[in-house]
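In what follows, a structure is listed as structure tokens, so that the remarks can point back to it.
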Amino acid sequence: QVQLVESGGGLVQPGGSLRLSCAASGNIFSIYAMGWYRQAPGEQRELVATISSGDSTNYADSVKGRFTISRDNAKNTVYLQMNMLKPEDTAVYYCNARLSTYSRMYYAGDYWGQGTQVTVSS
């Protein structure tokens, strides 16, 4: 009933930029926080950045100053602008949303996108 669809991944050279988008759709009553996580091969999934409904942001130390998270509440969409990309940023990036649905308005659950590959390589 809820879908998160990511876009914007791809191959980029070190020092380059990419912008990821994630649109949430379906039986959504309210979205609280949205965020981006990533998982490199053989590694655990890790937090990249989150943004609250009040636009408070949180970043992993490894991306501070390079990545910027933002959201468009009217479109139920979250963005991740990634600049000065490094090879170690290579991973599958997953969108997350904590939200409630019209079916369960007072329960906030976590929903995930299918992931989008980001590869930083020369």
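Quick note: numbers below take in every heavy atom, side chains included, and nothing from hydrogens, waters or symmetry partners.
- Each of Thr119, Val118, Leu18, Thr90 was scored for a side chain to side chain contact (heavy atoms under 4.5 Å, CB included) with Leu11, with one residue passing: Thr119.
- Considering all non-hydrogen atoms of both residues, Leu80 and Ala49 come closest at CD1-CB, 4.3 Å.
- Applying the salt bridge (Lys or Arg N to Asp or Glu O under 4.0 Å) rule to Arg71 yields no partners; only residues at least two apart in sequence or on another chain are considered.
- Residues Tyr111 and Ile28 share a single hydrophobic cluster, defined by chaining ILVMFWY side chains whose heavy atoms lie under 4.5 Å apart.
- Every side-chain contact (heavy atoms from CB on, under 4.5 Å) that Ser103 has, sequence neighbours left out, goes to Gln1, Asn27, Thr101.
- Pairing each heavy atom of Ser122 with each of Pro14, the nearest pair is N-CD, 3.7 Å.
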Hey, mind stepping through Tyr79 and Thr68 against side chain to side chain donor-acceptor pair (under 3.5 Å) and telling me if it holds?
CA-CA 8 Å; Tyr79 306 96; Thr68 302; over 6 Å; no
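- Closest approach of Ile69 and Gly35 over heavy atoms only: CD1-CA, 4.0 Å.
- Taking all atoms of both residues into account, the shortest heavy-atom contact from Met34 to Val78 is CE-CG1, 3.7 Å.
- Pairs of residues two or more places apart, or lying in two chains, never qualify as salt bridge (Lys or Arg N to Asp or Glu O under 4.0 Å) while including a residue from residues 1-18.
- Residues meeting the salt bridge (Lys or Arg N to Asp or Glu O under 4.0 Å) test with Arg19, sequence neighbours left out: none.
- Taking both residues in full, the closest heavy atoms of Gly9 and Leu20 are given as N-CD2, 3.6 Å, listed atom of the first, atom of the second, then distance.
- Annotation: salt bridge (Lys or Arg N to Asp or Glu O under 4.0 Å) contacts involving residues 73-86, sequence neighbours excluded, are absent.
- Under a hydrophobic clustering in which Ile, Leu, Val, Met, Phe, Trp and Tyr are joined whenever their side-chain heavy atoms come within less than 4.5 Å, directly or via other members, Trp36 and Val2 fall into the same cluster.
- Other residues, nucleotides and ligands place more than 12 heavy atoms under 6.0 Å from the CD atom of Gln39.
- With sequence neighbours excluded, the residues satisfying ring-ring contact (aromatic ring centres under 6.0 Å, His included) with Tyr102 are Phe29.
- By the ring-ring contact (aromatic ring centres under 6.0 Å, His included) test, Tyr37 pairs with Trp112, sequence neighbours left out.
- Membership of an apolar cluster is not assigned to Val5, as no side-chain contact below 4.5 Å to another ILVMFWY residue is traced.
- Judged as a salt bridge (Lys or Arg N to Asp or Glu O under 4.0 Å), and not counting sequence neighbours, the contacts of Asp110 are Arg98.
- Using a 4.5 Å heavy-atom threshold, the side chains of Asp89 and Arg66 count as touching.
- Partners of Ala91 by side-chain contact (heavy atoms from CB on, under 4.5 Å), not counting sequence neighbours, listed by chain and number: Arg38, Ala40, Tyr93.
- For the side-chain hydrogen bond (donor to acceptor under 3.5 Å, both in side chains) condition, the pairs that include at least one residue of residues 47-61, sequence neighbours left out, are Asp61-Lys64.
- Residue pairs meeting the salt bridge (Lys or Arg N to Asp or Glu O under 4.0 Å) criterion with at least one partner in residues 21-32, sequence neighbours excluded, do not occur; the list is empty.
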Starting from the C-alpha separation in whole Å, work towards a yes-or-no answer on side chain to side chain contact (heavy atoms under 4.5 Å, CB included) for Cys22 and Tyr94.
CA-CA 9 Å; Cys22 171; Tyr94 295 91; over 6 Å; no
